[in-house]
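Here's the structure we're looking at; comments come further down.
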Amino acid sequence: MIISMKLHANKAEIEEVCERVRELGYKIHAIEGEERCVIGVVGVGDVTNCLESLEAMPQVEKAVRISAPYKFVSREFRETKTVIRIDTPRGPLEIGGDEFVMMAGPCSVESEKQILDTAEAVAKGGARVLRGGAYKPRTSPYDFQGMEEEGLKLLAKARELTGLAIITEVMSDRDVELVGDYADILQIGARNMQNFALLKTLGKSKRPILLKRGLSSTIKELLMSAEYIVAHGNPNVMLCERGIRTFETVTRNTCDIVAIPVLHEMTHLPVILDPSHATGKRSLVPALTRAGVAIGADGVILEVHPCPNKAVSDGAQSLDIAQYNAMMKDLQPYLQLWKASRVENAVMA
Ligand code: PEP
Ligand code: MN
């Protein structure tokens, strides 16, 4: 059950509602929102009586039953889409709004020259966000593990020089604060989608989160992980389809492309597609990016490297700069259709 308080309800009024909830035998699970407080309530009992009793309180705007287990992130909870706002040196950026957001950059930050050259090129080609891993989750402990804080400093330099926002992965709850000092968006990798200690700590972060779908995770599990972050206090979560593991071996993963409209139906959170990890092959990235635009993703995150053959990680799925530019050029008519359909949807709503 979710209780939406009237705008600017004060602390005493909120506490009075919480007290009433406890009297009725339910538990307060989370309280979110600065301007408008929303209280999450869990428990079993006579729900209809509870809803009526709470709605009779003058400080309560609405009390509704949410049947989905992922309450705060469900469409039942909020019909309008969440728009995540980020201040970049080039002005405000909205994710989930009227702009298709291109996030691009190397799999790993490798050197100053590599990240600055890539940043400049992807910015010119229309990206608003620079990706680059400084902490890398690698299957083998003998592979490159990332430049860590030195890599974060290089990303910050790229941000300053190009005006791009920065997205980079955080792998441990111990690093959330440090990575948040440098990055605009914290990426949670597929392998950490169910790292619940990390998810809880992200709830305390002020930074928006990009949560990647786990290798073998269902859409519902992805939503439950997002719920962890939101229930712990951070509403700015976007979801990322990056392919799942199936019996198919020709592609690195199997892209569950329909997950994008499915997620739009189930949640109000923005949905991003990662065509690089979904395919593992650079030749397939432009086609899947087009599919992502056509099916209504809010943006894509993809890998670009100035010299993919020399990349320390994921070279085979990275576009070089010329391929990235060609893809961006070919994408323009699709992006125009995307924009037109967003405007149309907004008018209809
Ligand atoms: C990455 O973005 O480089 C990455 C490791 O992605 P994923 O967690 O989706 O495998
Ligand atoms: Mn990668």
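Excluded from the calculations below are hydrogen atoms, water molecules and symmetry mates; all remaining heavy atoms, backbone and side chain alike, are included. For ligands, and for the atoms within them, numbers begin at 1 and follow the listed sequence. Note that the structure is predicted; figures quoted are calculated from it, not measured.
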Residue, atom and distance of the protein heavy atom nearest atom 6 (O) of ligand 1 read Lys212 NZ, 2.9 Å
### Polar side-chain atom of Arg245 near backbone of Asn253 as donor-acceptor pair, under 3.5 Å
no
Can you find a pair of side-chain heavy atoms, one from Asp184 and one from Val129, that are under 4.5 Å apart? no
Could you list the donor-acceptor pairs under 3.5 angstrom formed by side chains in residues 254-261, with sequence neighbours left out?
{"residue": "Thr254", "atom": "OG1", "partner": "Thr246", "partner atom": "OG1", "Å": "2.5"}
{"residue": "Asp256", "atom": "OD2", "partner": "Arg213", "partner atom": "NH1", "Å": "2.9"}

Numbered in order shown, the ligand 1 atoms found under 4.0 Å of a heavy atom of Glu303 are 3 (O)
Residue set satisfying ring pair (Phe, Tyr, Trp, His ring centres under 6.0 Å) with Tyr70, at least two apart, ordered chain then number -> none
Check: of Gln187, Arg131, Met193, min heavy-atom distance to atom 3 (O) of ligand 1 comes from Arg131
(Q) Using side-chain heavy atoms (C-beta onward) and a distance below 4.5 Å, is Thr82 in contact with Pro235? (A) no
Would you list the atom pairs, donor with acceptor, under 3.5 Å between side chains in residues 54-63 and any protein atom, with sequence neighbours excluded?
{"residue": "Glu55", "atom": "OE2", "partner": "Ala63", "partner atom": "N", "Å": "2.9"}
{"residue": "Gln59", "atom": "NE2", "partner": "Glu13", "partner atom": "O", "Å": "3.1"}
{"residue": "Gln59", "atom": "NE2", "partner": "Glu16", "partner atom": "OE1", "Å": "2.8"}

Distance col, row Ile185:CD1 vs Ile209:CD1, nearest 0.5 angstrom, shows 9.5 Å
For Gly189, the atoms of ligand 1 under 4.0 Å from one of its heavy atoms are 8 (O)
What lies under 2.8 Å from the Mn ion (ligand 2), restricted to protein N/O/S atoms, is Cys107 SG, His277 NE2, Glu303 OE2, Asp314 OD2
Looking at His277, Arg191, Arg242, the heavy atom closest to atom 4 (C) of ligand 1 belongs to His277
Please determine whether salt bridge (charged side-chain N to carboxylate O under 4.0 Å, His left out) holds for the pair Glu99 and Arg128, giving the CA-CA distance in whole Å, both sets of side-chain angles, and the decisive distance to 0.1 Å. CA-CA 10 Å; Glu99 189 185 346; Arg128 290 295 310 271; 3.6 Å; yes
| task | Check the angle between the aromatic planes of Phe77 and Phe72 and answer parallel, tilted or perpendicular using the 30° and 60° thresholds. | result | perpendicular
Check: Can a salt bridge be assigned to the pair Lys81 and Asp298 using a cut-off of 4.0 Å between side-chain N and carboxylate O?
Finding: yes
protein heavy-atom neighbour closest to atom 8 (O) of ligand 1 works out as Ala190 N, 2.7 Å
Return yes or no for this condition: an N or O of Cys107 is under 3.5 Å from an N or O of ligand 1. no
For Lys136, the atoms of ligand 1 under 4.0 Å from one of its heavy atoms are 1 (C), 3 (O)
For Gly133, is the nearest heavy atom under 4.0 Å from an atom of ligand 1?
no
